[in-house]
Amino acid sequence: MHRLFSGIAALILIAAPATARDILFVGNSFTFGAGSPVERYRPDSVTDLNREGIGGVPALFRSFAEQAGLDWSVSLETSPGKDLAFHYANKRAAIDRRWDVVILQGYSTLDAENPGDPTRHGIAAGQLAALVHARNPRAQVNLVETWSRADLTYRPGSRWSGMPIMTMANDLAAANRGVARTVRGIAGTIPVGSAWNRAIALGVADANPYDGIDPGRLGLWADDHYHGSSAGYYLEALTIFGRVTGYDVRQLGAGERSAADLGLTGEQAVALQRIAWETLRQDR
């Protein structure tokens, strides 16, 4: 009988998926929260592999985990204005260790020279995924779908100029999903841009920062109409956290402490939590 129970216990342990504990964020200013207080938010709660004292979206992820009772060790490797190819070429030594989850966020247009073209982005994503899986074959590597840049939509000279504000995010989402389908080692994508689009469509956020922020709506962009505001990064972090952990971010509620730290009201926090949850639910 003892042997029977021991055998059953062993089978349960084998069948049960290991709970991920270590997460690495690889990215740029959209990851570290440039243009907002998020950049220097709780840097002591995360490990910045570049030792630049950045908290950013990773620190928000860590804060959510603490409040949800989840034990995550959070690290980041970021550089402003860089794509994934830069990280693979220049930061492999920092990245090359064992991780359970790795979040890859590329350049805001995927390719600075050929906006919207996912070729260079996809190659680098595959190289980074291979690097990660050499250390841990079971690691989960996800791509972040970023948001529409208002400066590339409402101003001339861009491939997205004059188009609806949601178009750029939709294009970036389609490109990243194409990479995830065709590049080995990419588990999937995280629909941050879709969450921004949803916030705008439902009237939670303003669609055009160039004509001012409508009363009762949140501005998702920073003053440069390019990077995120505190609200924009908060929504990004919620979407990533919900996708990675499976946690219902609505449970963080009006008393979620990071929102208060960043100057968001409880009502605004709840609205953004709902947007992230609805986006993830629709994106299954």
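- Each of Asn176, Asn142, Thr31 was evaluated against Gln105; a single residue qualifies, Thr31, per the side chain to side chain donor-acceptor pair (under 3.5 Å) test.
- In this structure, Asp48 contributes its side chain and Glu52 its backbone to a donor-acceptor pair below 3.5 Å.
- Here the closest non-hydrogen pair linking Ala269 and Gly253 is CB-O, 4.4 Å.
- With hydrogens and angles left out, the side-chain atoms of Gln67 and Glu256 include a donor and acceptor closer than 3.5 Å.
- Contact annotation: the side chain of Leu49 never approaches that of Leu76 to less than 4.5 Å [non-hydrogen atoms, C-beta and beyond].
- Using modelled atom types, no side-chain atom of Asn170 and backbone atom of Ala173 make a donor-acceptor pair closer than 3.5 Å.
- Looking only at distances, a side-chain donor or acceptor of Ser229 sits under 3.5 Å from a matching main-chain atom of Leu220.
- For the residue pair Ser108 / Arg149, a side-chain donor-acceptor distance below 3.5 Å is found, with atom types taken as modelled.
- In this structure, Leu143 is not a member of the same hydrophobic cluster as Trp147, with clusters built from ILVMFWY side-chain heavy atoms closer than 4.5 Å.
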Passes side chain to side chain contact (heavy atoms under 4.5 Å, CB included), Val244 versus Ile103? Steps please.
-> CA-CA 9 Å; Val244 170; Ile103 304 299; 3.8 Å; yes

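- When hydrophobic clusters are built by joining Ile, Leu, Val, Met, Phe, Trp and Tyr residues whose side-chain heavy atoms come closer than 4.5 Å, directly or via intermediates, Val26 is not grouped with Val57.
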Verdict with reasoning, Tyr154 to Ile165, per side chain to side chain contact (heavy atoms under 4.5 Å, CB included) | CA-CA 8 Å; Tyr154 296 110; Ile165 188 58; 3.5 Å; yes

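- Met168 is listed as a side-chain neighbour of Leu152, based on a closest heavy-atom distance under 4.5 Å.
- At least one side-chain heavy atom of Gln268 sits less than 4.5 Å from a side-chain heavy atom of Leu218.
- By the 4.0 Å N-to-carboxylate-O rule, Arg135 lies close enough to Asp96 to be salt-bridged with it.
- Salt bridge absent: Asp117 and Arg159 never bring a charged side-chain N and a carboxylate O closer than 4.0 Å.
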Does the pair Asp283 and Arg177 meet the rule for a salt bridge (charged side-chain N to carboxylate O under 4.0 Å, His left out), with working shown?
-> CA-CA 12 Å; Asp283 190 62; Arg177 293 178 189 196; 2.7 Å; yes

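- Rounded to the nearest 0.5 angstrom, Leu110 CG and Asp171 CG are separated by 9.5 Å.
- Asn50 contributes a side-chain N or O that, together with a main-chain N or O of Thr78, makes up a donor-acceptor pair within less than 3.5 Å.
- Proximity of Glu236 to Tyr234: side-chain heavy atoms (C-beta onward) are nowhere separated by under 4.5 Å.
- Salt bridge status for Glu113 with Arg120: absent, with no side-chain N to carboxylate O gap under 4.0 Å.
- Closest heavy-atom contact between Lys82 and Asn28: O-ND2, 3.0 Å.
- A salt bridge is defined here as a Lys NZ or Arg NE, NH1 or NH2 lying under 4.0 Å from an Asp or Glu carboxylate O, and Arg42 with Asp261 fails to meet this definition.
- Under 4.0 Å is where a charged nitrogen must lie from a carboxylate oxygen, and between Glu77 and Arg92 no such pair does.
- Between Met166 and Ser194 the shortest side-chain heavy-atom distance does not fall below 4.5 Å.
- Under the 4.5 Å side-chain contact rule for hydrophobic residues, Leu84 and Ile190 do not share a cluster.
- Grouping the Ile, Leu, Val, Met, Phe, Trp and Tyr side chains by contacts below 4.5 angstrom, directly or via other members, places Val249 with Phe64.
- Contact check for Ser75 versus Phe25: no side-chain heavy atoms found under the 4.5 Å cut-off.
- In the hydrophobic clustering of ILVMFWY residues, with side-chain heavy atoms under 4.5 Å counting as a link, Leu172 and Ile186 come out apart.
- Using a 4.5 Å heavy-atom threshold, the side chains of Trp160 and Thr109 count as touching.
- Rounding to the nearest 0.5 Å places CH2 of Trp196 at 10.5 Å from CG of Leu272.
- No donor-acceptor distance shorter than 3.5 angstrom exists from the side chain of Thr239 to the backbone of Val192, with no hydrogens or angles considered.
- Proximity of Trp221 to Tyr210: side-chain heavy atoms (C-beta onward) are nowhere separated by under 4.5 Å.
- The heavy-atom pair separating Ala175 from Gly116 by the smallest distance is CB-O, 4.5 Å.
- Closest approach of Ser79 to Phe32, counting heavy atoms only: C-CE2, 4.3 Å.
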Going through the checks in order, is the side chain to side chain contact (heavy atoms under 4.5 Å, CB included) test met by His133 and Arg138?
-> CA-CA 7 Å; His133 287 132; Arg138 299 184 66 182; over 6 Å; no

Step by step, would you call Tyr41 with Ser63 a side chain to side chain contact (heavy atoms under 4.5 Å, CB included)?
-> CA-CA 10 Å; Tyr41 183 68; Ser63 177; 4.2 Å; yes

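- Taking the six-membered ring for Trp and the full ring otherwise, the centers of His121 and Tyr107 sit at least 6.0 Å from each other.
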